[in-house]
Protein chains: 2
Amino acid sequence: MLITSHDVARFAGVSQATVSRALRGDSRVSAATQDRVRRAAEALNYVPSEAGRSLSTRTTRRIGVLVSDLTNPFYPHLIGPLHDELERCGYRMMLLAERSDDALVTEQLLDHSIDGAVLTTTSTGSGLPDALRRKQLPFVFLNRVDGRDGVDGRNGADAAVVDNERGGRIAAAELAELGHRATGLLGGSDDTSTGREREQGFVAGLADAGIVLPDNRIRRGPYDFDTGYFGLSELLAADPSITAVFCGNDVVAIGAYNAALRAGVRIPDELTLVGFDDLPMASWEAFALTTIRYDLRAMARAAARLLLERLSGEAPDSAQRVVVDPELVRRGTHAPPLTAREER
Amino acid sequence: MLITSHDVARFAGVSQATVSRALRGDSRVSAATQDRVRRAAEALNYVPSEAGRSLSTRTTRRIGVLVSDLTNPFYPHLIGPLHDELERCGYRMMLLAERSDDALVTEQLLDHSIDGAVLTTTSTGSGLPDALRRKQLPFVFLNRVDGRDGVDGRNGADAAVVDNERGGRIAAAELAELGHRATGLLGGSDDTSTGREREQGFVAGLADAGIVLPDNRIRRGPYDFDTGYFGLSELLAADPSITAVFCGNDVVAIGAYNAALRAGVRIPDELTLVGFDDLPMASWEAFALTTIRYDLRAMARAAARLLLERLSGEAPDSAQRVVVDPELVRRGTHAPPLTAREER
DNA sequence: TCTCAGTGTGTATACGTATGCATTACAGCA
DNA sequence: TGCTGTAATGCATACGTATACACACTGAGA
């Protein structure tokens with residue numbers, strides 16, 4: 001039923017070992033034999049068994065990718081390029097959902113069905129990175145880190161991230177420049193490195209301009225539509241004087257945009273909105289979102305490269321970190337505050 | 001370095017076979033021994049090797065999922081529920097991109113690294129389904145089928161789809177009812193079953209109302225933003241009298257919506273737009289898209305169930321097909337044509 | 001002619017788990 | 001006591017590939 005290398009060997013009149021060597025292009029096998037084996041394999045439609053190979057080589061050429069919620073528009077843009085880069089390097093992607101049930105995920109990661117892992121949605125409280133370190137499963141942080149590194153050298157792990165702090169500063173500088181003083185923040189959860197760093201950068205950037213961000217102008221939540229949608233209403237209810245809001249990412253910003261539409265708040269006249277990520281939908285006419293852009297594809301590719309380098313042993317002992325640069329892209333959701341314009 | 005069942009056996013003072021049996025809960029192993037083995041495994045942090053198990057059982061509990069483009073917002077909504085249902089049943093998901101390079105994909109599917117496959121983006125010309133049938137790899141169509149079935153009983157394959165033809169009819173009926181006569185179509189590619197069937201249903205539904213759909217009011221393309229965005233401009237340029245457009249899916253419709261915004265065409269006053277799928281973004285205030293809704297999650301779950309039933313041998317010999325029902329959801333992108341309103 | 005290096009191939013085994021079959025121990029019964 | 005049946009466990013092997021090592025053969029050099 002199942003064609004094995006033994007069948008090919010019999011067909012080609014050689015030993016199973018020779019089949020294995022011939023098909024892998026081992027130079028010790030004569031060209032003539034390689035040819036004969038190749039033709040035999042072709043004739044029998046032979047496909048090497050992945051399980052046998054894994055067992056023998058202790059390697060799977062599979063990478064596990066942990067994501068929390070695929071239907072969040074952000075992740076596909078991360079996973080897509082990651083998948084392509086892995087495939088380009090001969091690796092396959094096993095998609096795993098990060099759920100409350102850590103034990104199951106951990107077991108799936110550690111049963112040697114993958115050579116390494118990419119963690120895209122680590123929260124700072126998670127025990128998973130430490131578990132992987134203990135079990136010596138190579139992994140790389142993508143997008144978020146667990147915030148443990150720096151405390152202790154051994155805890156470092158490879159990571160590909162954007163300079164979130166800088167992104168926050170850029171947004172703050174732009175708002176200050178426009179003349180906004182009453183700014184709000186619809187931030188990511190503060191158990192994510194991205195949420196914390198973007199907020200830190202934003203607060204610091206405002207401070208540079210002599211602006212303080214009081215707690216009642218801050219709402220935080222998961223990076224989803226609802227956080228923006230309901231968060232904006234709450235924010236404006238708590239402090240109607242707010243003229244500009246920096247959002248944790250584009251998905252949150254688009255949630256906020258839609259809440260503004262619903263409430264009849266005109267954008268950008270009455271409210272300035274700035275996002276983060278520059279997803280394709282940010283450039284749609286319907287939103288024309290002013291946002292912080294960075295090269296998401298490059299970031300994903302860097303993560304793949306870091307991990308594969310580590311697997312191949314080419315990587316240095318110390319953890320490597322790729323940080324991509326953010327920049328502001330101005331579209332249609334920013335303007336000076338009304339008051340400033342009236343003063344002119 | 002690597003802990004195996006032999007290590008556990010030594011530690012617990014039993015044979016490797018007993019370890020295997022005990023951990024799988026074989027009733028022939030006494031309760032006391034099971035306990036001892038479990039504690040030993042725990043103490044050593046034993047995790048059974050997936051490769052060894054696969055080789056021995058000829059089963060992987062992995063399912064390959066083929067998708068063409070993850071960054072298209074439609075697919076995550078298909079993949080997400082699919083992943084969760086597979087995981088609930090103890091299966092893992094291997095994500096494979098369907099690319100031009102069929103040979104590579106085929107090899108990845110046939111190397112026994114997966115027990116079965118889910119095909120989400122089959123085009124009618126693809127040779128892949130036949131290849132899988134020949135190699136007896138169980139698979140299920142999700143969303144699209146290859147259109148070969150019916151020709152010949154053996155070609156049938158399990159499938160979970162929406163009643164596309166009916167969806168097209170519903171859209172046509174609604175547009176006719178509203179009084180539109182000059183209708184356009186921004187359809188999916190005609191090498192997809194969904195594209196063909198939705199178009200057939202739409203044309204038939206229009207015909208029922210005495211309306212014909214000439215070729216110059218039709219544009220087709222991949223189910224993406226650009227097809228809607230550029231397609232609408234082309235359509236209106238070719239025939240400015242068009243008052244309503246049925247779109248192949250929501251992503252296309254949103255592309256069209258944004259093109260209308262750009263061109264200053266007021267929706268729904270000057271142009272009615274109807275989508276298909278009812279993705280979450282269709283209900284965003286910015287679009288409030290009138291569309292054809294169906295239970296995408298249920299469809300994805302059905303595909304998982306069909307495949308897993310087939311794997312377990314519970315499925316009947318003949319192919320099974322789950323068809324979910326579409327319905328119209330009226331939001332803000334439909335209205336009677338201007339001419340009809342002026343006549344009142 | 002003998003040795004030696006080099007080349008090409010085969011033999012044997014490892015990888016880790018699952019399972020058919022054999023074996024042991026022991027209880028129940030005649 | 002001896003026999004049978006059953007419960008619990010061990011032994012041996014299969015699964016398919018990769019590879020260390022052994023071996024055979026060839027031609028060259030002494």
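Chain A is the first sequence line, chain B the second, and so forth, proteins listed ahead of strands; every chain is numbered from 1. Values in this document were obtained by computation on a predicted structure and should not be read as measured data.
- For A/R58, a side-chain nitrogen or oxygen approaches OP1 or OP2 of C/dG16 to under 4.0 Å.
- Partner of A/L86 under the side chain to side chain contact (heavy atoms under 4.5 Å, CB included) criterion, chosen from A/R301, A/R62, A/M93, A/R305: A/M93.
- Distances shown here put every side-chain N or O of B/S5 at or beyond 4.0 Å from the OP1 or OP2 atom of C/dG16.
- Residue A/Q34 contributes atom CD, which lies 14 Å from atom C1' of C/dT7 at whole-angstrom precision.
- Counting to the nearest Å, the P atom of C/dG16 and the CZ atom of B/R21 are 20 Å from each other.
- The residue among A/T33 and B/S20 whose nearest nucleotide of DNA chain C is located toward the 5' end is A/T33.
- Put simply, NE2 on B/H112 is 19 Å from P on D/dA14, counting in whole angstrom units.
- When the side-chain nitrogen and oxygen atoms of B/S15 are compared with OP1 and OP2 of D/dG10, one or more of them lie within a distance under 4.0 Å.
- Side-chain contact, B/Y223 with B/T194: a donor N or O sits under 3.5 Å from an acceptor N or O.
- The distance between atom CG of A/L44 and atom P of D/dG16, rounded to the nearest whole Å, is 14 Å.
- The residue B/A17 sits close to a base: some heavy atom pair falls under 4.0 Å.
- One atom, CG of B/L55, and another, P of C/dG16, lie 12 Å apart when rounded to the nearest Å.
- Separating the CG atom of B/L23 from the C1' atom of C/dT17 is a distance of 11 Å, rounded to the nearest angstrom.
- Between A/S49 and D/dG16 there is no side-chain N or O to OP1 or OP2 distance below 4.0 Å.
- As judged by a 4.0 angstrom heavy-atom cut-off over every strand, B/S54 is placed among residues making no nucleic acid contact.
- Across the protein-nucleic acid pair, A/I3 atom CD1 and D/dG16 atom P stand 11 Å apart, rounded to whole Å.
- A/V19 comes within 4.0 angstrom of nothing in the nucleic acid, heavy atoms only.
- Along DNA chain D, the nucleotide closest to B/A31 and the one closest to B/S56 are compared, and the more 5′ of them pairs with B/A31.
- Residue B/R28 contributes atom CZ, which lies 13 Å from atom C1' of D/dT6 at whole-angstrom precision.
- Minimum interatomic distance between A/L137 and A/L109 (heavy atoms only, all atoms of both residues): CD2-O, 3.7 Å.
- With 3.5 Å as the limit, one finds a donor-acceptor pair spanning the side chains of B/D115 and B/T60.
- When distances are taken from the side chain of B/Q16 to each of D/dA8, C/dA18, D/dT17, the shortest belongs to C/dA18.
- In terms of phosphate contacts, A/R53 brings no side-chain nitrogen or oxygen within less than 4.0 Å of OP1 or OP2 of D/dG16.
- The residues A/E42 and A/R39 are annotated as not salt-bridged, no charged nitrogen and carboxylate oxygen being separated by less than 4.0 angstrom.
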